Amino acid sequence: MVKSHQTLNTYANKWLAFIGIALLSFGCYLDYTVVNVALPTIQQELHTDLTSLQWVMNIYFLALCILATIMGRLGDVYGRRRCFYIGSGIFAVASIVAGLAPTIDWLIFGRLLQGIGAAIVLPLGPSLLPQSFPKEERGKSIAWLGSMGGIALALGPVLGGVIVMHWSWRWIFFINIPIILLGYILCFKSVNESSVEQKQSFLDIKGMVFLTLAMGGIVLSLIHSQTGGWNNSVTLTYLIIGIVSTALLIFVEKQQDNPLIDFRDFSNLLFYAGSLLCFLAGVLSAVTLFFDPLYLQIIRNESVQLSGLVLFAIPIAVFTGAFFVGWLISRLGIVNTILLGLIIALVAATLQLFFISTTPLWYVIIAFICLGFMWGLGNTVPIIAAQTAVGPDRISAATGTIVTMFNVGGSIGLAIAVVTYHFFTSNSLNQLSQTYGAQIDAAKLNYLKKIISTPSDSLHTVMNEFMHTVFNEIFLGGFTAVMWFIVILSSLSFFSVLIWKMIGHRTNATSRLKKT
């Protein structure tokens with residue numbers, strides 16, 4: 001049982017608690033995406049190579065994937081508020097280290113510390129918040145907190161671009177400090193401590209070790225595949241370590257009385273459906289934040305400023321959707337709200353199948369609004385589902401598992417999307433080179449291969465009208481193939497939850513008939 005140390009008037013300070021926890025969590029979500037647009041400037045100022053630059057992004061993600069569930073369990077055992085404050089402190093120190101970094105190695109080290117801090121903060125914030133609200137308002141509070149995370153993720157590229165344009169890239173890290181200080185002040189006045197009773201306060205060390213190896217192996221294989229390919233021996237070694245460790249993790253956790261990850265949770269429809277929605281939200285966020293800005297600037301030839309404004313429809317939809325999450329859950333129930341989120345994901349991806357150069361801007365904005373509303377549901381409802389499915393003693397670890405599902409979904413989804421893009425653009429280029437014959441000679445073919453593999457380079461090069469038309473046709477074909485991947489994944493996710501729900505209802509109805 002969870003003990004709550006009632007030293008504060010719990011409900012009187014509920015909004016102070018919400019704002020404080022939201023502020024301490026905001027930077028962790030923001031730094032997931034804010035760094036992207038600053039990478040070219042960082043590369044130029046710190047005189048680094050592309051491989052080191054990629055680790056500025058990857059090390060944060062790697063730490064978050066490996067540690068989120070583990071840190072959630074540590075909070076369950078040793079006190080959620082205590083660990084939450086420690087994690088926020090680590091993130092603040094890390095932001096200073098990253099902002100002051102004189103070399104790329106120091107920046108990577110700062111990002112590693114940020115990832116460790118975020119792995120503590122993100123699962124514990126949603127676990128601390130419900131105790132500050134009366135029972136009937138807890139779902140709404142988690143929904144609002146999740147919407148803040150979705151807004152931060154979507155705001156990252158826009159805010160990062162503004163900061164880099166008007167100030168130094170270092171301020172994308174320094175901006176976290178006043179936010180964290182204000183969050184501390186508000187939390188000290190409003191957030192109570194909670195921890196698990198001593199009889200259940202033990203750590204599953206074996207589970208932690210195998211989870212670290214499993215997540216580390218899988219994520220590192222995905223990261224290394226982007227540069228080395230899937231046939232590379234290092235990539236395959238990481239993948240084998242990840243797969244073997246996952247099998248051992250499942251075996252070990254089944255033997256534990258109080259496991260780090262209770263895989264029986266996934267036999268609960270609520271937990272399974274929530275995990276699936278969060279995984280899909282991770283896929284959509286990573287894939288669309290990568291490909292949609294390219295579509296706007298390459299195919300539609302929009303300016304960076306207008307592209308940013310159009311993409312701003314996503315965080316607006318996330319914020320607006322937060323008003324409806326509690327109402328949807330009360331009217332539809334958690335599982336049906338998850339099904340709605342999966343349908344919206346399918347609609348958002350289907351709309352993007354028809355993106356072309358002449359697509360009306362209002363149509364594009366509607367697709368992004370659907371995307372934002374799905375993110376809002378994907379960042380909130382799964383946490384509510386997980387915390388409802390498990391007992392109060394494990395809500396932080398369960399929340400950590402949900403956070404991990406989002407991150408792994410983003411990594412796996414983007415890796416598959418990039419492979420899909422390269423496969424279809426390569427085939428399209430070969431077909432077009434045969435169609436146009438002498439118009440695409442060896443030099444032009446090599447040039448097209450280069451910019452198709454890194455399409456953002458086309459924004460900084462000048463092409464004649466013929467080459468520009470060919471490139472756009474090939475890129476749009478790859479973009480459409482990526483959206484088909486999301487459509488298929490969304491459809492499979494929706495029908496798996498729907499079929500399980502229908503079977504469950506049929507089984508319950510049969511049981512009631514037998515009893516009567």
Side-chain angles (χ1 to χ4, degrees), residues 33 143-144 146-158 273-274 276-296 299-300 302 306-329 331-332 336-356 358-382 406 409-410 413-414 417 476 479-495 497-498:
T33 57
W144 274 96
S147 73
M148 294 299 104
I151 290 169
L153 286 171
L155 270 180
V158 178
L276 200 58
L277 178 63
C278 197
F279 180 88
L280 188 60
V283 173
L284 261 72
S285 65
V287 173
T288 55
L289 282 177
F290 182 85
F291 282 98
D292 281 338
L294 294 174
Y295 160 76
L296 290 171
I299 301 300
R300 296 186 60 88
E302 308 288 6
L306 183 57
S307 297
L309 287 174
V310 174
L311 288 168
F312 201 66
I314 296 174
I316 290 175
V318 172
F319 179 77
T320 305
F323 287 96
F324 298 97
V325 171
W327 180 81
L328 286 171
I329 291 175
R331 292 297 182 93
L332 302 178
N336 286 337
T337 304
I338 290 172
L339 285 169
L340 176 63
L342 296 172
I343 290 174
I344 295 173
L346 178 59
V347 170
T350 302
L351 288 173
Q352 295 196 54
L353 287 176
F354 302 99
F355 278 9
I356 57 175
T358 57
T359 299
L361 199 57
W362 60 263
Y363 181 95
V364 175
I365 292 173
I366 288 175
F368 289 169
I369 289 173
C370 291
L371 191 60
F373 197 75
M374 188 274 169
W375 282 12
L377 293 178
N379 277 290
T380 56
V381 183
F406 181 89
L414 185 57
L476 193 57
F479 177 89
T480 304
V482 168
M483 292 307 141
W484 269 115
F485 155 64
I486 298 180
V487 166
I488 294 169
L489 183 62
S490 301
S491 301
L492 292 174
S493 300
F494 171 77
F495 284 111
V497 175
L498 180 63

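Everything quoted here is computed from the prediction, not taken from an experiment. One is the number of the first residue; the rest follow in order along the sequence.
- We find the CD1-CG distance between I299 and D292 to be 12.0 Å, quoted to the nearest 0.5 Å.
- Atom CD1 of I486 sits about 6.5 Å away from atom OG1 of T288, to the nearest 0.5 Å.
- Minimum interatomic distance between I338 and A273 (heavy atoms only, all atoms of both residues): CG2-O, 3.5 Å.
- With rounding to the nearest 0.5 angstrom, the SG atom of C278 is 11.5 Å from the CG atom of L377.
- The structure places CG of L276 at 9.5 Å from OG of S490, a figure rounded to the nearest 0.5 Å.
- Residues L284 and W375 have side chains in contact (heavy-atom distance under 4.5 Å, counting atoms from C-beta outward).
- Under the 4.5 Å side-chain criterion, counting only non-hydrogen atoms from C-beta, W484 is in contact with L353.
- Partners of F485 according to the ring pair (Phe, Tyr, Trp, His ring centres under 6.0 Å) rule, which considers only residues two or more places apart in sequence or in another chain, do not exist here.
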Using residues 365-372 as the side-chain source, report each donor-acceptor pair under 3.5 Å to any protein atom, sequence neighbours left out, with the distance given to one decimal.
none

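- Between atom CD1 of residue I343 and atom OG1 of residue T350 there is a gap of 11.5 Å, rounded to the nearest 0.5 Å.
- The ring pair (Phe, Tyr, Trp, His ring centres under 6.0 Å) search around F291 returns Y421, not counting sequence neighbours.
- Atom OG of S493 sits about 11.5 Å away from atom CD1 of I488, to the nearest 0.5 Å.
- At distances below 3.5 Å, not a single donor-acceptor pair connects side-chain atoms of Y363 with backbone N or O atoms of F354.
- Taking L332 as the reference, L328, N336, T337, L340 meet the side chain to side chain contact (heavy atoms under 4.5 Å, CB included) condition, with sequence neighbours excluded.
- When the ring pair (Phe, Tyr, Trp, His ring centres under 6.0 Å) test is applied to F479, the partners found at least two apart in sequence or on another chain are Y295.
- Closest heavy-atom contact between G282 and S285: O-OG, 2.9 Å.
- Judged as a side chain to side chain contact (heavy atoms under 4.5 Å, CB included), and not counting sequence neighbours, the contacts of A281 are M374, F406.
- A search for side chain to side chain contact (heavy atoms under 4.5 Å, CB included) contacts involving I356 returns T358, T359, L476, not counting sequence neighbours.
- In terms of heavy-atom proximity, T380 sits nearest to G376 at OG1-O, 2.7 Å.
- Between Q352 and V482, every side-chain heavy-atom pair lies at or beyond the 4.5 Å cut-off.
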